[in-house]
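What follows is one structure encoded as structure tokens, with my remarks underneath.
Remember, it's a predicted structure, so these values are computed and weren't measured experimentally.
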Protein chains: 4
Amino acid sequence: METQGKRAQRVPRAVREQQMLDAAVSVFARRGFRATSMDEIAEAAGVSKPLVYLYLKSKDELFTACVRREAKALSAAVRASVEAGAAPDRQLWSGLLGFFRYTAEHPDGWNLLYGQARSGGAPSADEVAAMRVEIVEFVTALIGTAAREAPCVPVLADREVRALALALVGAAESLAGSSANGRETAATLMNFAWAGLGNLLAGRPWSP
Amino acid sequence: METQGKRAQRVPRAVREQQMLDAAVSVFARRGFRATSMDEIAEAAGVSKPLVYLYLKSKDELFTACVRREAKALSAAVRASVEAGAAPDRQLWSGLLGFFRYTAEHPDGWNLLYGQARSGGAPSADEVAAMRVEIVEFVTALIGTAAREAPCVPVLADREVRALALALVGAAESLAGSSANGRETAATLMNFAWAGLGNLLAGRPWSP
Amino acid sequence: METQGKRAQRVPRAVREQQMLDAAVSVFARRGFRATSMDEIAEAAGVSKPLVYLYLKSKDELFTACVRREAKALSAAVRASVEAGAAPDRQLWSGLLGFFRYTAEHPDGWNLLYGQARSGGAPSADEVAAMRVEIVEFVTALIGTAAREAPCVPVLADREVRALALALVGAAESLAGSSANGRETAATLMNFAWAGLGNLLAGRPWSP
Amino acid sequence: METQGKRAQRVPRAVREQQMLDAAVSVFARRGFRATSMDEIAEAAGVSKPLVYLYLKSKDELFTACVRREAKALSAAVRASVEAGAAPDRQLWSGLLGFFRYTAEHPDGWNLLYGQARSGGAPSADEVAAMRVEIVEFVTALIGTAAREAPCVPVLADREVRALALALVGAAESLAGSSANGRETAATLMNFAWAGLGNLLAGRPWSP
DNA sequence: CATGAATGAGTATTCATTCAT
DNA sequence: CATGAATGAATACTCATTCAT
């Protein structure tokens, strides 16, 4: 005899909310905001639709909540993996390592952030943009520090530093999810990026 | 008899289609697939809704047609700007130049491709993915050529070459639209990327 | 052990029910049946929602109970103020006095009966209609008595008597709530109505 | 063979809108705002639901449109029947005649205005209140004129005049719909009201 | 009995899409 | 082919209501 009827188990609100977010992240990531219906999410969470609305207000807010949670988690994971106070290249290296590991382990979350939440139509495109800006600024600071420590560079305009950071972040985003081996991916990117940066800082720019 | 009606004089089908696509690209790029209604597009194109359906079948097909056209145009622009037969770095340089110039001059098209068409939910995500693969493969070939020409490299695994290409493409995408000065942006990216690559090929990898 | 919980000490059922009805009357009167939610009422009553259901079964029954209570109270107040056995005009006068005083002192109840419960959609529209019929009949009787006592009237058809009563009741309803001074309002209405009636009974009808 | 398929006949928008309003007035009047669903209305109008929304925007706006139309029609009917420039009692008499006739001939419209649109919850309760105020003011003016023309009255305070008008309007509303014979009903009310008023103006108030 | 977790059953609303003229 | 009248089919959202603790 089934001990469990049709009704969902009684569970405290905080827990249910996380379950719902889990389900929603997964469905949104796979099918996109538009194609996802609230019924699907409710079913995936093993819960009735009104409960989803009771806790998360609306489809937009639910999506935003997913994005916020995943963004926070990713951000925290990266931050935690950065060796604060180390040399800039070490900081970048450790940060990338954390980034590639986390995204590899949480493909749904990453796909939500990178593949869904950024597109124009989605709610909370701002949310994501803001997180990205934060990251770009962190990298900008790293490169800036390295630039100041380097001896004999002509000058590296702020605009250029920021562009380098933007490029680096874009490269990392592009690589995320392409390999299960975070260490290798991070190494590749460091080779690509930091070594090139080294040349630049040493006064050996590439020229056409 | 009026020679000129209120709107939409007699015009050959091919032209009309392009007008519609122009309008659609612009609206889709600004408001996203989801938020855009067929009425809006018909109005923006100065054409009646049934005509849009007659020529372009459905919203999805219309969107796909937009994406395909823009992807083809971008692809052609880049291809045209590449100095075929030149050294790999020259080819990359010229290609990037073409890319940044074209995207700067066609912000709607670029936003459509990069900001809207890639999201999971959108139809023709494949279309875009395919174009991207094509580009990545082109860059992969460039890097591969350079690697083979370089003298004393340990070995550069195919997987690693592809990852480098992926990183480079991601970096370029990330930079596109960030500046009106295509030449400067391209130079920054070359400094960043190719110089790093040079170190790598010369057997001076970055190491943690 | 706490003698006093956060809310809702032990209280006999009858009392609790009245508290709930008080709250419900107030909320229904202000926001209408449709706009009022059971949560609002439970909160206003300082009671948990299940208790509301335990005692009052459903939203419709709750509304009906409110209406019934208020109707009964109004009816009783009016009846109590009527000088039974006096001359018809004295009876009417005293009844109106009671009516205007009671409605002025219980605006929520009056608004519930007059402004909410009568609309077609509301449950217990019958309840209210019944009370109204009762009152109309009472007034009909008064006028009938006066008519029989009056000397030289041609004939006053039953239908006409009833119409007069209906008019009088409508006039009273229309005036209720328009002034805080019950006595003045009642006087105005008597002047308006009974005096006209007097003419009629004396064989001096208005004629076009 | 049916010449008429399932689709509704092609009909110009203005006509369809009136058909919809006809249907909506009828359904709203019978079942009330809350109990009425848009499906019902669409079906009653012999039309699909999206068309209702296309033309009338929302349930609230549809209801409001109904009320506005009925209010305007009633108002116009009454205004048209008033003998402008005649003596106050003639004006009132003719107005009442028009009122009772119109409401008797349009029971749905009247029930909508009187029975549904006035209750607190309904949208456009203001709409109706405004119309009522307009009418009350018209009657107030009539009585005021009569009062000024009457010779030897103590004084009739403005407040009192307005109260009399309010009573008269309430009485009329209460009688509307109670009889098919508008002329008789109007006569009854004139007897009741104007004759009483006559006494009052002649300095013979009723006194307790 | 208080609490708050949970839901069945409906509702308004909005698309993309198609005919008839 | 332009026009605008018309709709099928979904989807977000809400409410009164109940049950386990």
Check: Just the dot-bracket of DNA chain F, please: which string comes out with Watson-Crick or G-U pairs under 3.5 Å, [ ] for crossing, | for another strand?
Finding: .||||||||||||||||||||
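A search for salt bridge (charged side-chain N to carboxylate O under 4.0 Å, His left out) contacts involving B/Lys49 returns B/Asp39, not counting sequence neighbours. In this view, D/Tyr53 satisfies the ring-ring contact (aromatic ring centres under 6.0 Å, His included) rule with no residue, not counting sequence neighbours. Considering only residues two or more places apart in sequence or on other chains, D/Glu61 meets the side chain to side chain donor-acceptor pair (under 3.5 Å) condition with none of them. Annotation: side chain to side chain contact (heavy atoms under 4.5 Å, CB included) contacts of A/Ser26 (sequence neighbours excluded): A/Arg30, A/Asp108. In terms of the side chain to side chain donor-acceptor pair (under 3.5 Å) criterion, residue partners of A/Arg68 (sequence neighbours excluded) are, by chain and number, A/Glu127.
Between C/Thr36 and D/Gly46, the residue anchored nearer the 5' end of DNA chain F, judged by the nucleotide with its closest heavy atom, is D/Gly46. Where A/Lys57 and C/Asp60 meet DNA chain F, the nucleotide closest to each residue was compared, and A/Lys57 sits on the side nearer the 5' end. Comparing B/Met38 and D/Ser58 by the nucleotide of DNA chain E that holds the closest heavy atom to each, the one mapping nearer the 5' end is D/Ser58.
Nucleotide F/dT21 holds its C1' atom 12 Å from the CD atom of A/Gln9, rounded to whole Å. The CD atom of C/Glu43 sits 11 Å away from the P atom of E/dT3 (whole-angstrom rounding). As a whole-Å value, the separation of B/Leu62 CG from E/dC15 P is 17 Å. The separation between B/Arg34 atom CZ and E/dA16 atom P is 11 Å, rounded to whole Å. C/Glu40 places its CD atom 14 Å from the P atom of F/dT14, with the value rounded to the nearest Å. In this structure, D/Leu54 places its CG atom 18 Å from P of E/dA12, rounding to the nearest Å. Between A/Leu56 atom CG and F/dA12 atom P there is a gap of 14 Å when expressed in whole angstrom units. In this structure, B/Phe33 places its CZ atom 11 Å from C1' of E/dC15, rounding to the nearest Å.
Contact annotation for B/Leu51: backbone-only contact, meaning every heavy-atom pair under 4.0 Å involves sugar-phosphate atoms and none involves a base. Among the protein residues, C/Pro50 comes within range of the nucleic acid bases, having at least one heavy atom under 4.0 Å from a base atom.
Scanning both residues, A/Phe33 and A/Gln116, for their nearest heavy atoms gives N-OE1, 4.3 Å.
Nearest to the side chain of C/Ser37, among F/dA16, F/dT14, F/dA2, sits F/dA16. When distances are taken from the side chain of D/Lys49 to each of F/dA16, E/dA12, E/dA6, the shortest belongs to E/dA12. Of the candidates E/dA12, E/dA5, F/dA16, the closest approach to any side-chain atom of A/Arg13 belongs to E/dA5. Nearest to the side chain of C/Tyr55, among F/dA6, E/dC1, E/dT11, sits E/dC1.
At the phosphate of F/dA6, OP1 or OP2 sits under 4.0 Å from a side-chain N or O atom of D/Arg16. Applying the 4.0 Å criterion to OP1 and OP2 of E/dT17, one finds that B/Tyr53 has a side-chain N or O inside that range.
For a distance-only test at 3.5 Å, the side chain of B/Lys59 fails to qualify as a donor-acceptor partner of the base of E/dT17.
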Item checked: Trace of the side-chain contact (heavy atoms from CB on, under 4.5 Å) decision for D/Arg69 with D/Asp22 -> CA-CA 10 Å; D/Arg69 189 184 76 168; D/Asp22 291 344; 2.8 Å; yes
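Distance check: B/Lys59 NZ to B/Thr36 OG1 gives 6.0 Å after rounding to the nearest 0.5 Å.
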